[in-house]
There are 2 protein chains.
Amino acid sequence: MTEAQGPRPRPTLRDIATALGLSVNTVSRALGDKDSVSASTRAAVQAEAARIGYVPNTLARSLVLGSAMTLGLVITNPSNPFYAQLISSIELRVRAQGYSLLLLVTDESVENEQRATEALLRSAVDGAVVVPVQAEWDHWRRVRDSGIPLVFVNRDVPELDCDMVGVDYERGSYEATSHLIAGGARRLLLLEEDLPITTTADRITGFRRAMADAGLKVSDDQVRAVPTKRYDSLALPWQPEEAYRFAQTLLTDGHPDGVVTGNDYFALGLLRVLAERDLAVPSDVAITGYGDHPYAAYLQTPLTTVRLPAAEVGTTAVDLLLQRLRSSGERPRKTLIRPELVIRASAPHRQAITIDR
Amino acid sequence: MTEAQGPRPRPTLRDIATALGLSVNTVSRALGDKDSVSASTRAAVQAEAARIGYVPNTLARSLVLGSAMTLGLVITNPSNPFYAQLISSIELRVRAQGYSLLLLVTDESVENEQRATEALLRSAVDGAVVVPVQAEWDHWRRVRDSGIPLVFVNRDVPELDCDMVGVDYERGSYEATSHLIAGGARRLLLLEEDLPITTTADRITGFRRAMADAGLKVSDDQVRAVPTKRYDSLALPWQPEEAYRFAQTLLTDGHPDGVVTGNDYFALGLLRVLAERDLAVPSDVAITGYGDHPYAAYLQTPLTTVRLPAAEVGTTAVDLLLQRLRSSGERPRKTLIRPELVIRASAPHRQAITIDR
DNA sequence: GTGAAAGCGCTAACAG
DNA sequence: CTGTTAGCGCTTTCAC
């Protein structure tokens, strides 16, 4: 019979040291691949470490080193597919660089975000990647001022001049709009989220610019804000429902011949209303989505939409953060990554439309 | 002019102590709401702490307390909407209980999972919620044996008898199948993922059991495994494509009158093939999905599907884990939460079908 | 009620 | 090359 099982306390450097008749610190150096250790000692130490299953205690290590080798990720809603991909790419990159990742979900709530900053401070993360709620930012200032570098992702907080990496939403919206116009649409509509965030604002700007460049005027009622709950990550994001209800009220008198939507869910709700009204897509109304969700290509009418470079955004954000950790001096960098218009049947190429005529 | 800005070192207990002429440990107790401190001292300490923006150092605290107040979440793929919701619910619950959450993404790779266990051990998490890859589990044994309680989620590793909480996939599949049969389908097909995981196996069992209970025989070619890549969380999960290709080869001779699919993406791919073949849903072929993704209700033919209780699974998992942290003695508990069949047009109620006849 | 001392596990100085 | 000393920031004895 050996010892009883029971989770015995985890081995420490001292266990190895006493077992081998060495000092704790020699063991530390042997394991740390420092040079000032004889080959034989190192071998013995490593053997013993392996034998007893020694795992370094990151807590103690971090305390003395002054770095937890941990980064924070503060995100609003993992159920948004774009953010889900962002999480994956960020986690991958962070881990590849030897850091751990602390996850905080804010659910678009400022209070949650404030608590998240507390957690970041307490945990003494080395830095954080943040999708800000964008309603207040004093708590972020506090984090930054206490020496924790921040990279804002997808949405910026210009007041704090931190690094930022996002998507060129304006451009994506510009291209989608221009594409509809090139396809022959003239009476356009923009269906946007009713949220006070820059992504929405940028898409509106892109829409307006594309219209202006085509010599089309934009009246106020061509830009519609769909009543949008700041949606709950615990429930499924029922945005199609909101767009569906809204679109029902939208098409009472006449109809647009092109609709740019701010996300694929809106397009989904809109498509249903159009089907109910016997309006054909794209011949009566051409539609673009935003996001290129996995289902977009497989709808009855495959959706023309703007594909977001999620992985690239995430990777870039982590890289920026790690650079910043090495040299804090440089000026903040703002990076916008260009999304890609994916053209499918809901708003096909000009030729395809022409054939229909 | 005050001091230059620059991220000065974060305040410690000693800063408060010296400022107030107290000892470090009096300050500690004052902040920790211990009783053995005079009211006036406590007030002074708290005031000073607030003034200089003191934030306790979790690292140091954890080191002496022997608990990092951190739980790990090891998950395969955040881009799977079910897991995305799981992440949200788990994070919420974990944070509500005063713990932090360390996130590890494995992308269905055993190697990543093994590295994840190393990270868990180094970080000295108090416990972990794990969606296991289910190919090997020696590394999990090691974690458990070093005293870190594990709760497996969605998939079990029975060899380790840890706590487990999942979805009753078999039942969901049974209900979906029975529903199709009740609607009049007789020539049924099951389209499943080709992955060696228990969730898939359970759904197959449920299908077979429902068929048997209805007195229907199941030949081997009625259970089809769609070639499924262990899909990449960095790319979008292109499972519709796989199901689409597969379904094209499926309907060459005759067609089933009911198809149970193992996930909503398969249903999407299948729907397209059916449309291409001019087979009507549900009158020619009734279909059920699995997962109730946000788009399911908004397809041209709204999808009857099995809704997964993601939030409940996540919350339960965390609660189990925290209980286990308090009393490690009890026997492992396995909990299956029942999913809900959501009936829509792709496989309507019996009456609706009857009317069509 | 408060302070002094010790230690969590580890690493960075410095001796030898 | 190796050991000793010191200390990261905090909490828990135990005196006073």
Side-chain angles (χ1 to χ4, degrees), chain A residues 8-46 48-49 52-70 98 100 121-126 146-147, chain B residues 8-46 48-49 52-70 98 100 121-126 146-147:
Chain A
R8 53 198 168 299
R10 69 192 293 186
T12 70
L13 285 186
R14 200 169 57 190
D15 296 328
I16 302 179
T18 55
L20 264 46
L22 291 170
S23 80
V24 168
N25 144 342
T26 302
V27 175
S28 168
R29 280 178 317 210
L31 256 26
D33 269 340
K34 311 280 181 183
D35 33 354
S36 49
V37 175
S38 78
S40 62
T41 306
R42 162 166 301 126
V45 167
Q46 287 174 341
E48 175 68 5
I52 65 175
Y54 170 78
V55 177
N57 183 329
T58 304
L59 251 39
R61 178 170 231 266
S62 299
L63 184 59
V64 52
L65 257 37
S67 157
M69 288 302 279
T70 297
S100 293
L121 288 168
R122 276 199 308 274
S123 307
V125 297
D126 299 292
S146 74
Chain B
R8 51 199 169 298
R10 69 191 295 184
T12 71
L13 286 186
R14 200 170 57 190
D15 296 327
I16 302 179
T18 54
L20 264 44
L22 291 170
S23 79
V24 168
N25 107 16
T26 302
V27 175
S28 169
R29 281 179 314 212
L31 257 26
D33 269 339
K34 311 284 182 185
D35 33 352
S36 48
V37 175
S38 77
S40 62
T41 307
R42 163 167 301 128
V45 167
Q46 286 173 341
E48 176 68 7
I52 65 174
Y54 170 77
V55 177
N57 184 330
T58 303
L59 251 38
R61 179 168 230 267
S62 300
L63 184 58
V64 53
L65 257 37
S67 156
M69 288 302 280
T70 298
S100 293
L121 288 168
R122 276 199 308 273
S123 307
V125 297
D126 299 292
S146 73

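All chains are named by letter (A, B, ...) in the order of the sequence lines, taking the proteins before the strands, and each is independently numbered beginning at 1.
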Visitor: Starting from the C-alpha separation in whole Å, work towards a yes-or-no answer on side chain to side chain contact (heavy atoms under 4.5 Å, CB included) for B:Val24 and B:Thr18.
Guide: CA-CA 8 Å; B:Val24 168; B:Thr18 54; over 6 Å; no

Visitor: Test side chain to side chain contact (heavy atoms under 4.5 Å, CB included) on B:Thr41 and B:Leu22 and set out the steps.
Guide: CA-CA 9 Å; B:Thr41 307; B:Leu22 291 170; 3.7 Å; yes

Visitor: Can B:Leu20 and B:Ile16 be said to form a side chain to side chain contact (heavy atoms under 4.5 Å, CB included), step by step?
Guide: CA-CA 6 Å; B:Leu20 264 44; B:Ile16 302 179; 4.2 Å; yes

Visitor: Rounded to the nearest angstrom, tell me the gap between atom CZ in A:Arg42 and atom P in D:dT2.
Guide: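 Rounded to the whole Å, the gap is 9 Å.
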
Visitor: How close do B:Arg10 and B:Asp15 get, heavy atom to heavy atom, and via which atoms?
Guide: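 Reported closest heavy-atom pair: O-OD2, 4.2 Å.
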
Visitor: Check whether any side-chain N or O of A:Ser38 sits under 4.0 Å from OP1 or OP2 of D:dT2, and answer yes or no.
Guide: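 True: A:Ser38 side-chain N/O within range (under 4.0 Å) of D:dT2 OP1/OP2.
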
Visitor: Would you check if the side chain of B:Thr70 reaches a backbone N or O of B:Ala68 as a donor-acceptor pair within less than 3.5 Å?
Guide: yes

Visitor: Summarise how protein sits on nucleotides 8-16 of chain D as a single string, 5' to 3': B when a protein heavy atom is under 4.0 Å from the base, S for sugar-phosphate-only contact, - for no contact.
Guide: BBSBBB---

Visitor: Go through C:dG3, D:dG3, D:dT2 for me and flag the one nearest to the B:Leu22 side chain.
Guide: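 The answer is C:dG3, which lies nearest to the side chain.
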
Visitor: Base, sugar-phosphate, or nothing: which does B:Thr41 touch, judged by heavy atoms less than 4.0 Å apart?
Guide: sugar-phosphate

Visitor: May I ask you to verify if any side-chain N or O of B:Thr26 is less than 4.0 angstrom from the OP1 or OP2 atom of C:dT2?
Guide: no

Visitor: For B:Arg29, is the CZ atom crowded, meaning more than 12 foreign heavy atoms sit under 6.0 Å from it?
Guide: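 For B:Arg29, atom CZ is crowded (more than 12 foreign heavy atoms under 6.0 Å).
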
Visitor: Using whole Å, what does the distance between atom P of nucleotide D:dG3 and atom CG of A:Leu20 come to?
Guide: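 Those two atoms, CG and P, are 10 Å apart.
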
